[in-house]
Amino acid sequence: MSADVEVVAPAIGVDALPYGFIGAMQQRFEENIYNPLVQPGVTDVLLAERDRWAVQGKTTVFTSGVYDLLHLDHAGYLLHTKATGAAVHYTKEGHIKPWEALSSEDQQRYTAQALGNGALRLIVSVDGDKSVAVRKSGKAGGPRPIYAWHTRALMVASQTFINPVGNPQQRILPIADAVTIHGPEDFPAGDTHASHLDLVARLQPDAWAIFGESTDILEAAPHHPSLGAVALRCINDGADTHYFEDANMGKMSTTKIVERIVGN
């Protein structure tokens with residue numbers, strides 16, 4: 001290109017930028033966030049929502065995690081946790097044939113219908129900042145969490161999936177229906193949000209989806225006196241639960257992402 005040729009980029013007026021739409025999008029995500037650190041009494045609001053779902057015949061699933069540097073494998077895992085409620089929902093409906101006796105194809109078909117028609121609801125508890133800092137700081141040579149709790153909660157609340165039953169009126173659906181917080185460093189001992197166990201005991205979801213590497217939870221949960229009616233659904237860490245593979249790092253994780261950024 002000649003040195004005397006001036007390239008002028010087209011001007012974009014500020015009014016053309018969709019600030020109103022962006023604000024509405026954030027507000028929509030905020031509606032599903034329940035943080036008692038900044039909203040006193042919001043735990044009761046969340047519990048009332050869970051009760052409303054129960055009256056409507058919905059099945060509520062609970063899961064938790066840090067979800068720092070949210071990536072595709074996180075999204076796959078979150079949808080998987082929601083889908084684990086299908087077996088519980090099937091049993092609640094009183095079918096004569098047990099879930100385990102269904103063919104794999106019938107289980108998948110039922111799960112798709114339950115996801116698509118809104119029969120399943122997912123509550124995600126995101127670990128608080130102070131608790132993550134104690135547990136994970138120093139991993140991959142840097143402080144944790146990378147993102148503050150509210151940012152991580154917004155990212156979880158923003159995750160969607162395509163309706164598997166193809167309902168044109170509800171093509172895109174949210175994965176998480178409610179996002180809250182827990183952590184022993186963020187809440188005093190005895191508070192509902194101080195631990196997974198206390199939070200689940202208060203919310204009484206129909207199922208608790210737990211990643212297989214969380215052996216401490218899997219060992220403690222069956223002995224908690226208030227969790228008898230909560231079905232534990234363990235998702236094992238195997239080849240079939242690597243939802244997305246990256247050509248450079250294989251199974252994705254926040255630690256691997258940070259290590260790759262810093263060149264380790």
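If you read the sequence from its start, that first residue is 1, and numbering goes on from there. What you are looking at is a predicted structure, and each value in this text was computed from that prediction instead of being measured. Just the heavy atoms: all of them, side chains too, but no hydrogens, waters or symmetry mates, feed the values below.
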* Asked: Are Asp129 and Arg152 close enough for a salt bridge, meaning some N to O gap below 4.0 Å?
  -> yes
* With the side chain counted from C-beta on, respond yes when Tyr77 and Thr63 share a heavy-atom pair under 4.5 Å apart, and no when they do not. => yes
* Could you walk me through whether Arg135 and Asp127 pass the salt bridge (Lys or Arg N to Asp or Glu O under 4.0 Å) check? -> CA-CA 10 Å; Arg135 285 175 47 212; Asp127 294 63; 2.6 Å; yes
* Please check if atom OH in Tyr34 has more than 12 non-hydrogen atoms from other residues, nucleotides or ligands closer than 6.0 Å. => yes
* To do: Could you tell me the separation between the NE2 atom of His89 and the OG1 atom of Thr60, rounded to the nearest 0.5 Å?
  => 10.5 Å
* Are any of the side-chain nitrogens in Lys58 or Asp206 under 4.0 Å away from the carboxylate oxygens of its partner? -> no
* Do Asn32 side-chain atoms and Val179 backbone N/O form a donor-acceptor pair below 3.5 Å? -> no
* **Residue pair Pro145 / Ala133: nearest heavy atoms and the distance that separates them** => CD-N, 4.2 Å
* Asked: Is Gln39 reaching over with its side chain to a backbone N or O of Asn35, donor-acceptor style, under 3.5 angstrom?
  -> yes
* **His150/Glu30 under side-chain hydrogen bond (donor to acceptor under 3.5 Å, both in side chains): CA gap, chis, key distance, verdict** => CA-CA 9 Å; His150 188 254; Glu30 294 277 8; 2.9 Å; yes
* **Backbone N/O of Thr81 and side chain of Arg233: donor-acceptor pair under 3.5 Å** => no
* Asked: Would you say Tyr67's side chain and Ser64's backbone share a donor-acceptor pair under 3.5 angstrom?
  -> yes
* Please examine the side chains of Ile257 and Met249, heavy atoms only from C-beta on, and report whether any two atoms are closer than 4.5 Å. => yes
* Asked: Taking 4.0 angstrom as the limit, do Lys82 and Asp177 come out as a salt bridge?
  -> yes
* Check the pair Leu173, Thr160 against side-chain contact (heavy atoms from CB on, under 4.5 Å), reporting the backbone distance first and the verdict last. => CA-CA 5 Å; Leu173 300 173; Thr160 59; over 6 Å; no
* Asked: Parallel, tilted or perpendicular: which fits the ring planes of Trp99 and Tyr110, with parallel below 30° and perpendicular above 60°?
  -> perpendicular
* To do: Test side-chain hydrogen bond (donor to acceptor under 3.5 Å, both in side chains) on Asp198 and Thr192 and set out the steps.
  => CA-CA 5 Å; Asp198 293 333; Thr192 293; over 6 Å; no
* Structure fact -> Heavy-atom nearest pair, Ser131 first then Asp186, reads OG-OD1, 2.6 Å
* Do side-chain atoms of His224 reach the backbone of Ser226 as a donor and acceptor pair under 3.5 angstrom? -> yes
* Count the heavy atoms of every other residue, nucleotide or ligand shown that sit under 6.0 Å from CD of Gln27, and state whether that count exceeds 12. => no
* Structure fact -> To the nearest 0.5 Å, atom OG1 of Thr84 lies from atom CZ of Phe62 at 12.5 Å
* Asked: Tell me, do Tyr147 and Leu70 make a side-chain contact under 4.5 Å, heavy atoms counted?
  -> no
* When rounded to the nearest 0.5 angstrom, what is the spacing between CG in Asp51 and CD in Gln56? -> 11.0 Å
* **Under 3.5 Å: donor-acceptor pair, side chain of Glu49, backbone of Val45** => no
* Taking the side chain as C-beta and beyond, is there a heavy-atom pair between Val61 and Pro205 under 4.5 Å? -> no
* Asked: Are any side-chain N or O atoms of Thr111 and backbone N or O atoms of Ala86, one a donor and one an acceptor, separated by less than 3.5 Å?
  -> no
* Asked: Does the side chain of Ser125 pick up a donor-acceptor pair with the side chain of His196 at under 3.5 Å?
  -> no
* Asked: Does His182 have its ring centroid less than 6.0 Å away from the ring centroid of Phe187?
  -> no
* Structure fact -> CG of Leu203 to CH2 of Trp208, rounded to nearest 0.5 Å, is 11.0 Å
* **Distance, nearest 0.5 Å, that separates CD1 of Ile181 from NE2 of His193** => 8.5 Å
* Asked: Between Val66 and Val126, is any pair of side-chain heavy atoms under 4.5 Å apart?
  -> no
* **Spacing of CD1 belonging to Ile172 relative to CG belonging to Asn163, to within rounding of 0.5 Å** => 8.5 Å
* When you look at Gln108 and Ser104, which way does the side-chain hydrogen bond (donor to acceptor under 3.5 Å, both in side chains) test go after all the steps? -> CA-CA 6 Å; Gln108 291 182 31; Ser104 176; 3.3 Å; yes
* Asked: Would Arg202 and Asp44 count as a salt bridge (Lys or Arg N to Asp or Glu O under 4.0 Å) if you check the C-alpha gap in whole Å, the side-chain angles of each, and the deciding distance to 0.1 Å?
  -> CA-CA 10 Å; Arg202 176 75 183 281; Asp44 290 331; 2.4 Å; yes
* Should Tyr90 and Ile235 be counted in the same cluster of Ile, Leu, Val, Met, Phe, Trp and Tyr side chains packed under 4.5 Å apart? -> no
* Any donor-acceptor pair under 3.5 Å from Asp106 side chain to Leu102 backbone -> no
* Asked: Of the non-hydrogen atoms in Ala112 and Pro164, which two are nearest, and what is the gap between them?
  -> O-CG, 3.3 Å
* Student check: side-chain heavy atoms of Leu79 and Leu115 closer than 4.5 Å -> yes
* Structure fact -> In terms of heavy-atom contacts, Ala231 and Val88 come closest through CB-CG2, 4.1 Å
* To do: Provide the closest heavy-atom pair for Leu120 versus Ala83 in the form atom of the first, atom of the second, distance.
  => CD1-CA, 4.2 Å
* Structure fact -> In terms of heavy-atom contacts, Ile175 and Ala75 come closest through CD1-O, 3.9 Å
* For atom CZ of Arg52, decide whether the heavy atoms of other residues, nucleotides or ligands shown that lie under 6.0 angstrom number more than 12. => yes
* To do: Kindly indicate whether the side chain of Asn117, heavy atoms from C-beta on, has any atom under 4.5 Å from the side chain of Val165.
  => no
* Any side-chain heavy-atom pair from Phe29 and Val156 closer than 4.5 angstrom? -> no
